[in-house]
Every structure is written in C-alpha cells, then in structure tokens.
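Right, one structure below, let's go through it.
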Amino acid sequence: MLMKTTTALVLLSLPLAIVSCKKEEKKTVENTAKPTVDSIKTAKAEDKIDYSNFNIYSISLISSAQKDALADVFISVSDIYTEPHSIQEEVFKNQKNASYEEMQYLELDPQHRKKMLDGLHLTENDSLYLYNYEFNKLQKLPLNKLKAVAYLDAYSMEGNEVDPASYMVGFQLAAQQNNDIYDQYNNAVAYFGNKNPFVEGKMKPFAWKKAGPDISKNILPNPDLKQEILIRPNMKN
C-alpha cells in the first residue's frame with residue numbers, strides 16, 4: 001500500500017464515558033455481509049465477558065494531509081499492547097533501501113499477529129463489535145478477517161530511521177476509502193471479544209444551551225471577556 005508523504009492521524013472524537021455496557025448477552029444485529037464466525041452462538045452459556053481485560057477503543061482514519069486523499073480505517077491497540085518487539089525486526093534491517101512511503105504501513109507476520117492477540121487476551125475466534133451510538137447501529141466482524149497492521153505515528157519524520165516504537169499497531173477495518181468514510185465511523189466505538197458488551201438504543205443526547213450571565217460570572221475569571229459557556233438545561237447554578 002502506498003500512502004502520500006506526511007501521514008496525518010485523525011482521531012474521531014468519541015465521548016467514551018457515555019458508552020454503556022452490559023453483563024448479560026443480548027441478541028446482536030448482524031451487519032456483515034458474510035460473517036464466517038459467530039462466536040456468540042458457539043460460546044458456552046456460562047462464558048462471561050472478561051472485565052479484568054475489558055477495553056473500549058476509538059476508530060482512527062489514516063491519510064495524508066492532502067485534499068481528497070484516500071484514508072485507511074484503523075483501530076490502534078498500542079495504548080494497551082505495549083510489547084517493545086511488536087513488529088518483525090527484519091523490516092527495519094533493510095529500511096535504508098525502502099522508501100518512506102513503504103515504511104509508513106506494515107502488515108504483521110503471523111507470529112507477531114499471534115503475539116498481539118495473546119497480549120490482548122484474544123483469539124482468532126473472537127469478533128470486533130463496532131457500535132455507532134448516534135444511529136444505534138451494531139456491526140459484528142470476525143477478528144480472523146481483519147488485518148493486523150502497523151502505521152507510523154504522526155511524530156515520525158521522513159528521513160529519520162524508525163523502529164517498532166515509531167508505530168501504532170492494531171487492526172485495519174478498511175483501506176483506501178474516500179474521506180467521507182469519516183461519517184460512518186464518527187460517534188462509533190469498538191470492542192474485541194466473544195460477546196456484545198453494548199446496550200443498544202439506550203443513549204439520549206444532551207441538549208446544550210448558552211449559560212446566562214449569572215452562571216458565567218461565577219465561572220469565568222474575567223467577566224468582561226467575550227466568552228460563552230454551554231450548559232445542560234437542568235444544570236443548576
């Protein structure tokens with residue numbers, strides 16, 4: 001895969017604090033065209049979500065900073081998976097003979113893919129649960145169908161040597177998509193496991209309004225400054 005010069009990482013703004021989870025299984029809405037693994041149906045009745053290794057992830061778009069550049073959809077697990085040897089070492093031995101574009105994106109070999117899965121307490125029989133809480137839409141994707149990949153982070157500069165610490169590792173959802181793909185993954189969160197943890201259709205948006213001067217004067221350090229504060233309608237002074 002070739003990507004243009006400077007890589008820009010666009011992290012979707014996701015208020016994870018409002019994501020609600022459940023401990024009991026709920027019927028999953030299938031949105032994948034041909035799911036080959038249904039781990040919910042094959043899981044034993046007594047299986048439970050492992051809350052000792054429970055993580056919710058955001059979705060990122062990886063693209064160049066140029067207008068109309070194509071983007072990859074990616075879930076980074078680097079905040080959780082901190083293995084220093086997360087990528088096969090041989091790719092770095094020959095980096096002097098590789099272009100910067102070639103080093104921007106790497107696919108993990110089977111050994112390092114398994115190492116990442118083990119580090120995340122996952123197996124190939126697990127699934128990705130992708131929940132868009134704005135539209136109350138749940139997708140379930142087999143984990144064994146997702147590529148394990150690494151992308152150079154935004155701080156790596158062309159001309160500098162890189163190592164595994166220069167990369168974010170995780171799973172690729174889609175490649176070379178138009179930038180309007182952002183709308184599909186905005187207000188979406190992800191979970192990897194063998195059961196759906198999301199309670200669907202229970203989120204309600206907050207309606208915000210401009211605060212009155214009685215609240216602003218108690219919060220702003222200088223009431224004469226032209227600043228606005230937004231509050232929830234039921235918020236009290």
Side-chain angles (χ1 to χ4, degrees), residues 1 3 7 9-12 14 16 19 21 32 35-40 42-43 47-63 71-95 98 102-131 139-156 161-177 185 188-198:
M1 175 187 304
M3 301 176 66
T7 299
L9 169 61
V10 183
L11 293 179
L12 307 185
L14 302 171
L16 300 185
V19 176
C21 300
T32 54
T36 58
V37 176
D38 190 341
S39 56
I40 281 186
T42 59
D47 286 348
K48 295 182 179 180
I49 294 174
D50 182 6
Y51 286 99
S52 63
N53 296 294
F54 183 86
N55 296 288
I56 296 293
Y57 298 91
S58 59
I59 295 89
S60 304
L61 295 186
I62 308 290
S63 74
D72 292 358
V73 185
F74 171 66
I75 299 176
S76 172
V77 300
S78 291
D79 288 342
I80 306 300
Y81 179 62
T82 56
E83 163 63 44
H85 305 290
S86 58
I87 303 171
Q88 52 269 26
E89 294 291 338
E90 55 267 23
V91 301
F92 302 106
K93 296 177 181 178
N94 300 317
Q95 64 175 294
E102 291 174 318
M103 295 299 295
Q104 282 184 312
Y105 163 84
L106 303 170
E107 186 170 349
L108 303 189
D109 63 17
Q111 176 185 349
H112 287 79
R113 176 189 176 94
K114 185 178 187 307
K115 181 186 286 188
M116 182 170 70
L117 289 175
D118 291 344
L120 296 170
H121 305 279
L122 298 172
T123 74
E124 295 289 4
N125 291 327
D126 287 319
S127 299
L128 163 65
Y129 295 90
L130 189 65
Y131 183 50
Q139 278 185 289
K140 179 187 173 186
L141 304 171
L143 190 54
N144 59 17
K145 296 298 183 182
L146 301 180
K147 289 183 178 180
V149 298
Y151 288 93
L152 274 177
D153 62 32
Y155 303 101
S156 299
E161 288 195 3
V162 296
D163 57 30
S166 306
Y167 288 80
M168 302 171 293
V169 296
F171 297 96
Q172 184 188 82
L173 274 64
Q176 298 293 283
Q177 303 292 308
Y185 294 99
V189 288
Y191 170 78
F192 298 102
N194 67 356
K195 287 193 176 184
N196 170 31
F198 300 112

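One is the number of the first residue; the rest follow in order along the sequence.
Under the 4.5 Å side-chain criterion, counting only non-hydrogen atoms from C-beta, Leu143 is in contact with Leu117. Put simply, the side chain of Val169 does not reach to within 4.5 Å of the side chain of Glu83, judged on heavy atoms. Taking 4.5 Å as the limit, some side-chain heavy atom of Phe92 sits within range of a side-chain heavy atom of Met103. A heavy-atom distance below 4.5 Å is not found between the side chains of Asp79 and Asn55. Looking at Phe192 and Leu120, their side chains never come closer than 4.5 Å, going by heavy atoms from C-beta outward. Residues Lys145 and Phe171 have side chains not in contact (no heavy-atom distance under 4.5 Å, counting atoms from C-beta outward). A heavy-atom distance below 4.5 Å is found between the side chains of Leu61 and Val73. In this structure, Phe198 and Ile56 have side chains that are in contact, with non-hydrogen atoms separated by less than 4.5 Å.
Residues meeting the side chain to side chain donor-acceptor pair (under 3.5 Å) test with Lys147, sequence neighbours left out: none. For Asp109, the side chain to side chain donor-acceptor pair (under 3.5 Å) test picks out His112, with sequence neighbours left out. In terms of the side chain to side chain donor-acceptor pair (under 3.5 Å) criterion, residue partners of Glu89 (sequence neighbours excluded) are, by chain and number, His85. Residues passing the side chain to side chain donor-acceptor pair (under 3.5 Å) test with Asn53 are Asp50, His121, sequence neighbours excluded. Residues satisfying the side-chain contact (heavy atoms from CB on, under 4.5 Å) test with Thr123, not counting sequence neighbours, are Asn125, Asp126. Considering only residues two or more places apart in sequence or on other chains, Ser166 meets the side-chain contact (heavy atoms from CB on, under 4.5 Å) condition with Leu152, Ser156, Val162, Asp163.
The nearest pair of heavy atoms linking Met168 to Ile62 is CE-CD1, 4.1 Å. The two residues Gln88 and Leu108 have their closest heavy-atom pair at OE1-CA, 3.7 Å. Smallest separation of non-hydrogen atoms from Ser127 and Lys140: OG-CE, 3.4 Å. Looking at every heavy atom in both residues, Ile75 comes nearest to Leu128 through CD1-CD1, 3.9 Å. When every heavy atom of Arg113 is checked against every heavy atom of Asn144, the shortest pair comes out as NH2-CA, 3.7 Å. Considering every non-hydrogen atom in both Gly193 and Tyr129, the closest pair reads O-CE1, 3.6 Å.
With ring centers used as reference points, Tyr191 lies 6.0 Å or more from Tyr131. The six-membered or imidazole ring of Phe74 lies near that of Tyr151, with a centre-to-centre distance under 6.0 Å.
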Next on the checklist: One pair to check against side-chain contact (heavy atoms from CB on, under 4.5 Å): Tyr167 and Ser86. What are the steps and the verdict?
Outcome noted: CA-CA 9 Å; Tyr167 288 80; Ser86 58; over 6 Å; no

Next on the checklist: Determine whether Leu130 and Ile59 satisfy the following criterion, side-chain contact (heavy atoms from CB on, under 4.5 Å), listing intermediate values before the conclusion.
Outcome noted: CA-CA 9 Å; Leu130 189 65; Ile59 295 89; 3.6 Å; yes

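With rounding to the nearest 0.5 angstrom, the CG atom of Leu173 is 6.5 Å from the CG atom of Leu141.
Under the 3.5 Å distance criterion, with hydrogens and angles disregarded, no donor-acceptor pair is assigned to the side chains of Tyr105 and Asp72.
Put simply, the side chain of Gln95 never gets that close to the backbone of Lys93: no donor and acceptor are under 3.5 Å apart.
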